[in-house]
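Here the structure comes first, spelled out in structure tokens, and everything after it is commentary.
Note that the coordinates shown come from a computational prediction; the quantities given were computed from them, not determined experimentally.
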There are 2 protein chains.
Amino acid sequence: MNLVLPVREAPARARKIAPAADPSGRIIAGDCIEEMRKLPAKSIDLIFADPPYNLQLGGDLFRPEGGRVDAVDDAWDRFDSLAAYDRFTRAWLTEARRVLKDDGAIWVIGSYHNIYKVGAALQDLDYWILNDIVWRKSNPMPNFRGTRFTNAHETLLWCAKSQDAKYTFNYQAMKALNDDLQMRSDWVLPICSGSERLKDGLGHKAHPTQKPESLLYRVLLACTKPGDVVLDPFFGTGTTGAVAKRLGRQWIGIEREPAYRQAAAERIAATLPLDESAMETIPDKRSQPRVAFGLLVENGMVPAGTVLVDAKRRWKAAVRADGSLSCGPHAGSIHKVGAGLNKAPSCNGWTFWHVEKRGRLVPLDALRQEHLAGLA
Amino acid sequence: MNLVLPVREAPARARKIAPAADPSGRIIAGDCIEEMRKLPAKSIDLIFADPPYNLQLGGDLFRPEGGRVDAVDDAWDRFDSLAAYDRFTRAWLTEARRVLKDDGAIWVIGSYHNIYKVGAALQDLDYWILNDIVWRKSNPMPNFRGTRFTNAHETLLWCAKSQDAKYTFNYQAMKALNDDLQMRSDWVLPICSGSERLKDGLGHKAHPTQKPESLLYRVLLACTKPGDVVLDPFFGTGTTGAVAKRLGRQWIGIEREPAYRQAAAERIAATLPLDESAMETIPDKRSQPRVAFGLLVENGMVPAGTVLVDAKRRWKAAVRADGSLSCGPHAGSIHKVGAGLNKAPSCNGWTFWHVEKRGRLVPLDALRQEHLAGLA
DNA sequence: GTGGAAGCTGAATCCCCTT
DNA sequence: AAAGGGGATTCAGCTTCCA
């Protein structure tokens, strides 16, 4: 397979370095359960695992504009039954436990399709859950049919080997990474796209579920020390290896698919250690969070039934349970109804609509600021 | 226990109203497994459950299954507790499944201590997960010892009774509540505090894990219709009942602790339902009556011979006497011709095709709405 | 070169009634 | 019961192309 590497890297130089000779780590070819059996017991400091999710997708899914969704339909994600997935999960988690040092830790990422089975198995195998972490995607795929909530997050489980294990947690590093606030259990990070996303020679994505380096960066920075050995039993295109190398950690990747191994080897060979650019890619989201008007309805600041008026009291509109307004024939969001009444293409409902308080008109925007102040 | 109610309520008046006489719902005293057994099968539209998960304090909860916790040593105790918690979870989820209508749904909230066991049990019992929702707390308790990430979220599981069930989801209402964007699976809501938090006579919180009404508001608005019956088998101080009453839903709460029942009864008695008009939400198009395009041709709204165009005026099509379109080689319904021209598998002809009126393009959908309004 | 419009894409358990 | 067809449905970020 001829791989096109990201622009910032140097393919020619990368190919000259034999992947197996990378001093910081190695890629093992084969099934992770069998290959973990060959590793010495209690030799690994941290395991990061991104196992198949067992998505169980149905037929084709089309976007509203007509395009077809490029679904994950690879053979490696198909299992005969829920019970078969359970057996697979417990088998690899058992081997993972054997190779893990007593004070080591494991991270597993998944979605609602599999993470509950994984979590239950971890607990049954006497792992001790330290946190569940929510990766909130800033740019998830929408729900095209309007049938459910946008599936906008994935879940990571962080476990020690036992309740009393002395696991590694670089608290101050995490706090520093988060503008001197304690790092929370919900992480907002974009999905892997753009130049970071590995492509094959035809411009198709090299792996259907490549994880962003920012995610691994945070995990490895939080839970390992320089020189620690990180094992990824579902290596894929080697995000774990690339970030481990960059951060000066040792790494071992296990992968069955030759094409993924090849992509990972070239990628990691072209990665330079101690490059702090990944640090910069983690967004410091200090901008004000967006507030939906519906939130003020839910939390009782502007209860359903409230009557809103414009600044000149020309229009009145009633707030409904879902945060929409109704005013004669007009119904919809604060912005849409304002635009409809004004016969304008758009309208800022936050400044257009007011609540009457003790004889004075208070714009919705003031209530929004009040709400934001309450959160701070 | 003498409970002090929130400021906005009127204790004296509340006590005069016999709780059992609330027309919108009732509180059942007792263990939820036993009491659910007495409810008729397939009678409940929605279950919201906030089960206990503190294994240390909850030992006697597991008596219905007969297993008594015998703390020989820590390891045995923990194993026995985990297994007992599993049995307890599967027991109440089984009864819940029995009382649920085939097209009903269940929500369960939990933290990493129990939600993985709950999720695995739900899947084993053939519930079908629709989403996992992350309640991202805007003001969580910090991790004082600096040993883990701040545990800043809880998880809710939303499941249908089977894979092919026709569950209720008010997509448009959720979109309205979120400023005209699809509602995502991560919800940012503050924890229950301030005047909303019920206190006992000594100023202590009446219940250790009282949920915010905003959380229930969103769940019930998304997944029920007015008049639906909502069951909460772990009623506590009745947040589910209060919000159900406010939104015009019927409710049933099951609670073992007399003090919680008393607090819930007083709280709900003092809650007023919303005005009917305020309870309205943006309707889903799917629930509106069908209009055949031919009807608009028959009644002269879009006479045969009218030329339709798409929004970008790239295509033109003539309306024929039977309401079909013809456009070059394409002929058929407004949808079929639109799909053919777009080379798409399908197309919504109502929004694709437009009529020119005084230089402006009016989508057929607007004419359909006009027609429907004329009938009303 | 630059700015804007238009197109493409991401771990997705994605419709429902009539014949 | 399977098939056919009406018709409901998308957000953010990056890339490409054209003016």
Side-chain angles (χ1 to χ4, degrees), chain A residues 50-74 76-79 82 85 109-115 135 137-155 190-197 199 203-205 207-212 234 236 283 290, chain B residues 123 127-132 158-160 162-164 166-167 169 171-172 175 178-185 284-288 290-294 312 323 332-339 344-353 364-365 368:
Chain A
D50 182 9
Y53 288 6
N54 188 27
L55 286 184
Q56 306 174 67
L57 302 180
D60 280 344
L61 177 64
F62 290 92
R63 301 161 186 272
E65 94 258 338
R68 190 179 139 274
V69 173
D70 184 15
V72 178
D73 54 1
D74 306 73
W76 50 255
D77 196 48
R78 287 197 287 270
F79 292 81
L82 201 58
Y85 187 79
I109 183 168
S111 66
Y112 68 83
H113 309 84
N114 71 323
I115 200 65
W135 168 26
K137 302 180 185 182
S138 54
N139 49 351
M141 196 191 306
N143 180 293
F144 294 118
R145 304 298 293 268
T147 55
R148 303 181 180 187
F149 298 98
T150 307
N151 192 8
H153 73 276
E154 293 189 25
T155 302
I191 59 176
C192 180
S193 67
S195 64
E196 187 187 330
R197 189 87 194 215
K199 303 289 197 311
H204 300 134
K205 51 192 176 191
H207 191 285
T209 71
Q210 185 182 340
K211 296 295 176 288
F234 305 96
R290 216 175 52 82
Chain B
Q123 290 185 304
Y127 287 98
W128 189 248
I129 300 179
L130 297 168
N131 276 120
D132 58 347
W158 173 36
C159 305
S162 67
Q163 183 173 356
D164 55 352
K166 303 198 192 326
Y167 56 90
F169 180 54
Y171 174 76
Q172 293 295 348
K175 195 170 170 178
N178 194 38
D179 266 7
D180 292 333
L181 286 179
Q182 275 192 350
M183 187 71 83
R184 299 167 38 118
S185 58
D284 282 13
K285 279 255 177 71
R286 291 185 186 94
S287 62
Q288 291 190 309
R290 285 282 186 92
V291 176
F293 177 63
K312 293 173 190 170
S333 72
I334 53 174
H335 315 293
K336 276 278 184 288
V337 173
S346 67
C347 169
N348 184 345
W350 291 107
T351 51
F352 181 77
W353 293 109
L364 292 183
D365 192 45
R368 173 171 60 163

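- We find that B:D284 and B:K175 are not joined by a salt bridge, their nearest charged nitrogen and carboxylate oxygen being 4.0 Å or further apart.
- Atoms CG (B:L130) and P (C:dT13) sit 10 Å apart, rounded to a whole Å.
- Counting any heavy atom pair closer than 4.0 Å across all strands shown, B:C347 reaches a base atom.
- Closest heavy-atom contact between B:L130 and B:A160: CD1-N, 3.7 Å.
- Residue-level contact check: A:G66 touches neither bases nor backbone, having no heavy atom under 4.0 Å from any strand.
- Side-chain N/O atoms of B:H335 include none lying less than 4.0 angstrom from OP1 or OP2 on D:dG6.
- Rounding to whole angstrom units, CD of residue A:E196 and P of D:dG13 are separated by 15 Å.
- Annotation: the span from A:I109 atom CD1 to A:T155 atom OG1 amounts to 8.5 Å, rounded to 0.5 Å.
- Backbone-only engagement by A:N151 is indicated by non-hydrogen atom pairs under 4.0 Å involving sugar-phosphate atoms exclusively.
- Lacking a ring centre under 5.5 Å from that of the base six-membered ring together with a plane angle below 30°, A:F144 does not count as stacked on C:dC14.
- Regarding A:D77, its CG atom lies at a distance of 11 Å from the P atom of C:dA12, rounded to whole Å.
- In this structure, B:K175 reaches the D:dT10 phosphate: one of its side-chain N or O atoms is under 4.0 Å from OP1 or OP2.
- Heavy atoms of B:D365 sit nowhere under 4.0 angstrom from any nucleic acid atom.
- Between B:D132 and A:H153, the side chains place a donor N or O and an acceptor N or O closer than 3.5 Å (distance only, hydrogens not considered).
- The distance from atom CG of A:D70 to atom P of C:dC8 is 14 Å, rounded to the nearest whole Å.
- D:dA12 atom C1' lies 8 Å from atom CD1 of A:I191, rounded to whole Å.
- Annotated as anti: D:dT9, whose glycosidic dihedral deviates from 0 by more than 90°.
- Defined by atom type and a distance below 3.5 Å, a donor-acceptor pair is missing between the side-chain atoms of A:Y112 and A:E154.
- Within the 4.0 angstrom heavy-atom criterion, no nucleotide atom of any strand lies near A:R68.
- The residue among B:K312 and A:T209 whose nearest nucleotide of DNA chain C lies closer to the 5′ end is B:K312.
- Taking atom C1' on both C:dT9 and D:dG7, the two are 25 Å apart, rounded to the nearest angstrom.
- Closest to the side chain of A:E154, out of D:dG7, C:dA11, C:dG10, is C:dA11.
- Atom P of nucleotide C:dT9 and atom CD of A:Q210 are separated by 16 Å, given to the nearest angstrom.
- Rounded to an integer number of Å, the gap from A:K137 NZ to C:dT9 C1' is 13 Å.
- Judged by atom type and distance alone, B:S346 reaches the base of D:dA8 through a side-chain donor-acceptor pair under 3.5 Å.
- In this structure, A:F234 has its ring center at least 6.0 angstrom away from the ring center of A:W76.
- Considering only side-chain atoms of A:A71, the nucleotide from C:dA12, D:dC11, D:dT9 that sits closest is C:dA12.
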Per-residue pairing states of DNA chain D in dot-bracket (Watson-Crick or G-U under 3.5 Å; . unpaired, | other strand) read .|||||....|||||||||

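- Between the side chains of A:D77 and A:Y53, not a single donor N or O lies within less than 3.5 Å of an accepting N or O.
- B:W158 and A:F149 have their aromatic ring centers within a separation under 6.0 angstrom.
- Looking at A:R145, A:M141, A:R68 one by one, the single match for side-chain contact (heavy atoms from CB on, under 4.5 Å) with A:L61 turns out to be A:R145.
- C:dT13 sits 25 Å from D:dG4 when the C1' atoms are compared, rounded to a whole Å.
- Among the atoms of the strands shown, none is found under 4.0 Å from any heavy atom of B:P345.
- The pair A:D73-A:R78 fails the salt-bridge criterion, with no side-chain N (NZ, NE, NH1 or NH2) lying under 4.0 Å from an Asp/Glu carboxylate O.
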Tabulate protein N/O versus nucleotide N/O from nucleotides 15-19 of chain C, keeping only pairs under 3.5 Å, one per line.
{"from": "C:dC15", "atom 1": "OP2", "to": "A:R145", "atom 2": "NH1", "distance (Å)": "2.7"}
{"from": "C:dC15", "atom 1": "O4'", "to": "A:R145", "atom 2": "NH2", "distance (Å)": "3.4"}

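- What separates CG of B:L364 from P of D:dG6 is a distance of 14 Å, to the nearest Å.
- At a threshold of 4.0 angstrom between heavy atoms, the contacts of B:I334 with the nucleic acid are absent.
- Among C:dC14, D:dC14, D:dT9, the nucleotide with an atom closest to any side-chain atom of A:R148 is C:dC14.
- Nearest to the side chain of A:P142, among D:dC11, C:dA11, D:dT9, sits D:dC11.
- For the P atoms, the distance from D:dT9 to C:dC8 is 23 Å, rounded to whole Å.
- Across every non-hydrogen atom of B:P345 and A:F62, the tightest pair is CG-CD2, 3.4 Å.
- The base of C:dA11 is paired with the side chain of A:K211 by a donor and an acceptor separated by under 3.5 Å.
- Spacing of C1' atoms, C:dG10 relative to C:dC14, comes out at 15 Å, to the nearest Å.
- Here the separation of D:dA8 from C:dA12, taken at their P atoms, is 25 Å to the nearest Å.
- The pair A:D50-A:K211 meets the salt-bridge criterion, since a charged nitrogen lies less than 4.0 angstrom from a carboxylate oxygen.
- For the pair A:F62 and A:N139, both in contact range of DNA chain D, the more 5′-proximal nearest nucleotide belongs to A:F62.
- Across all strands, A:E65 comes closer than 4.0 Å to base atoms (heavy-atom distances).
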